[in-house]
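Some notes on the structure that comes next.
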There are 2 protein chains.
Amino acid sequence: MSIRTGSRESPEMYLKSIYQLGVGDAPVPISTLSNRLGISPVSATEMIHRMEKRRLVKHIPYKGVSLTKRGLKQALAVLRRHRLWERFLTDRLGLPWEQVHDVACSLEHSVGPEVTEPLAADLGEPATCPHGNPIPTAEGEMPSERGLRLHELSAGQRAVVDVIRPENAEILEHLASHGVTLGAELELIEIEPLDGARTISVGSKQVVIGKELASCVVVHPIHA
Amino acid sequence: MSIRTGSRESPEMYLKSIYQLGVGDAPVPISTLSNRLGISPVSATEMIHRMEKRRLVKHIPYKGVSLTKRGLKQALAVLRRHRLWERFLTDRLGLPWEQVHDVACSLEHSVGPEVTEPLAADLGEPATCPHGNPIPTAEGEMPSERGLRLHELSAGQRAVVDVIRPENAEILEHLASHGVTLGAELELIEIEPLDGARTISVGSKQVVIGKELASCVVVHPIHA
DNA sequence: CTTAGGTTTAAGGTGTACCTTATAATAACT
DNA sequence: AGTTATTATAAGGTACACCTTAAACCTAAG
């Protein structure tokens, strides 16, 4: 009847964020991190120090943070749990696409492999979360997830939507309302000068989305 | 991307324990509570004070704690989540009977009705947890759970096991290894003097279990 | 009615995870 | 090289949930 959960909650969020913000092996600036987590830079620095003592991250002053081998392993484990729970919530409970992310965020810290592995089995060892992101393997391998971003397309190119990231309810709803959903086929019509907003055609409609938003959409090009 | 879970974890454990330790409307002594939770009486008193401010419990000094209407409602909600997760873990993931309690203990604090109600639906609105305990309704009603305890039987009486409580892995495993499982039919053979250990026959075997342990087993008598 | 034992309050501490304000150090740009 | 902006550290605080030790208090039992 122990009561302690041993608040591994926050550090896990840091790990996940560092992993997701990291491009290649470049260290993630603490400001970027604190920004994403909605935490003051000072507090984030403190936390990073604590995590460094536990050998989860390496901090290069004035450069940023990167994950150690241990940290990476743990980050991928959290990510796996997160995405499996998302699948569970949509596939088994029928919760809507846009809502599952937040719920999965609280579930991901609550259980270990003794639950997530049977869960993965029950779900049929899915390869991706409902938003199309790949699920790390139980062994801690991340399937390559390099795709083209919508804003990297050039005018006239056709492509299919693979992933939408980050899994923010607002973003997901907005894109969905414009017809940009997983598997949707689209064509890039025009790139606006200055702002770089993209005009794309989806189905029979034409919609305009900003460059930032476009960069949330991962696609693979198809031959027109 | 909020990071705060708003540690409702511990208070919820207190609520659950108070509910489960409470017999009728008698207040639960803080020592009993602190004992169950493995926490010092001083700390428990502190927590009770905090919870009193939030109008979750009423503390009568030197008597004990009882739940307010709000506290009761919340306790039953936690219990519902707990027992639904237990069902999920056994029915859907095939985890063993004796292990699901601890896992459910961490899951029960992570999600609200937006998840547990669809979960209940998916599980077929079960009425009891895998250990036989009744699941409170979504409206916060607790189905009556008064049964006879094994130690209340007299020699010669036959009965069927309905519930085992508390859901402690050690207890569950020990009883199971003696053939005392849900639905098992048993007969009380003899009550040992002084200690009050019970000799019972289960299946074709005779086993002896202590009085304390016997009180964990809820049964309903049958006509021999 | 007194006293032993359980209960409560008080006082001081720990560790985690956040906050603000202010100062120091560095990097990067002109 | 000097200034600016970012980044880090220092100092002091809050809140939660636990801890110990010690003193005050009540209750119930002899």
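Given the structure is predicted, the values throughout are model-derived calculations rather than measurements. Every chain is numbered from 1 and lettered A, B, ... according to where its sequence line falls, protein lines coming before strand lines.
Inter-axis angle, ends of the helix from dC1(C)-dG30(D) to dT30(C)-dA1(D), five pairs per end, rounded to 10 degrees: 0°.
Between E46(A) and P61(A), the one whose closest nucleotide on DNA chain C sits nearer the 5' end is E46(A). Annotation: of the two residues near DNA chain C, P41(B) and V42(A), the 5′-most nearest-nucleotide partner is P41(B).
Remark: S31(A) is not in phosphate contact with dT6(D), judged by side-chain N or O atoms under 4.0 Å from OP1 or OP2. Residue S43(B) has a polar side-chain atom (N or O) positioned under 4.0 Å from OP1 or OP2 of dC19(D). The shortest distance between the side-chain N/O atoms of H59(B) and the OP1/OP2 oxygens of dT7(C) is not below 4.0 Å. H49(A) has a side-chain polar atom (N or O) that falls below the 4.0 Å cut-off from OP1 or OP2 of dT9(D). A sub-4.0 Å separation between OP1 or OP2 of dC18(D) and a side-chain N or O of S10(B) is present. At dA28(D), one or more side-chain N or O atoms of K63(B) fall inside 4.0 Å of OP1 or OP2 (strictly under the cut-off). Listed pair R50(A) / dT16(C) fails the phosphate criterion, with no side-chain N or O lying under 4.0 Å from OP1 or OP2.
dT7(C) atom P lies 13 Å from atom CD1 of I48(B), rounded to whole Å. What separates CG of L37(A) from C1' of dC19(C) is a distance of 15 Å, to the nearest Å. Between E12(A) atom CD and dT16(C) atom C1' there is a gap of 15 Å when expressed in whole angstrom units. Rounded to an integer number of Å, the gap from NZ of K53(B) to P of dA15(D) is 10 Å. In this structure, the CD1 atom of I39(B) is 15 Å from the C1' atom of dT20(D), given to the nearest Å. Note: CD1 (I30(B)) to P (dT7(C)) measures 9 Å, nearest angstrom. A straight line from CG of N35(A) to P of dC18(C) spans 15 Å, rounded to a whole angstrom. Per the geometry, CZ belonging to R54(B) stands 13 Å off P belonging to dA15(D), to the nearest Å.
For H109(B) and E12(B), the side-chain atoms include at least one donor-acceptor pair closer than 3.5 Å. For the residue pair E86(A) and H82(A), a side-chain donor N or O sits within less than 3.5 Å of a side-chain acceptor on the partner.
With distances taken from any side-chain atom of Y62(A) to the nucleotides dT26(C), dC19(C), dT7(C), the minimum falls on dT26(C). Side chain of Y14(B), nearest nucleotide from dT7(D), dC18(D), dC19(C): dC18(D).
Within 4.0 Å (heavy atoms only), S40(A) reaches at least one base atom of the nucleic acid.
To the nearest 0.5 Å, the span separating CG on L188(A) from CG on L150(A) amounts to 6.5 Å. Separation of atoms CE (M142(B)) and CG (L79(B)) is listed at 5.0 Å; rounding is to 0.5 Å.
Between H101(A) and H131(A), the two ring planes are perpendicular [angle over 60°; tilted spans 30° to 60°]. Using the six-membered ring where Trp is involved, F88(A) and W85(A) have ring planes that are perpendicular, over 60° apart on the 30 and 60° scheme.
Considering R81(A), R83(A), K16(A), R80(A) in turn, K16(A) is the only one that fulfils the side chain to side chain donor-acceptor pair (under 3.5 Å) rule with E108(A).
Counting only residues at least two apart or on different chains, no salt bridge (charged side-chain N to carboxylate O under 4.0 Å, His left out) pair has a member in residues 62-78 of chain B.
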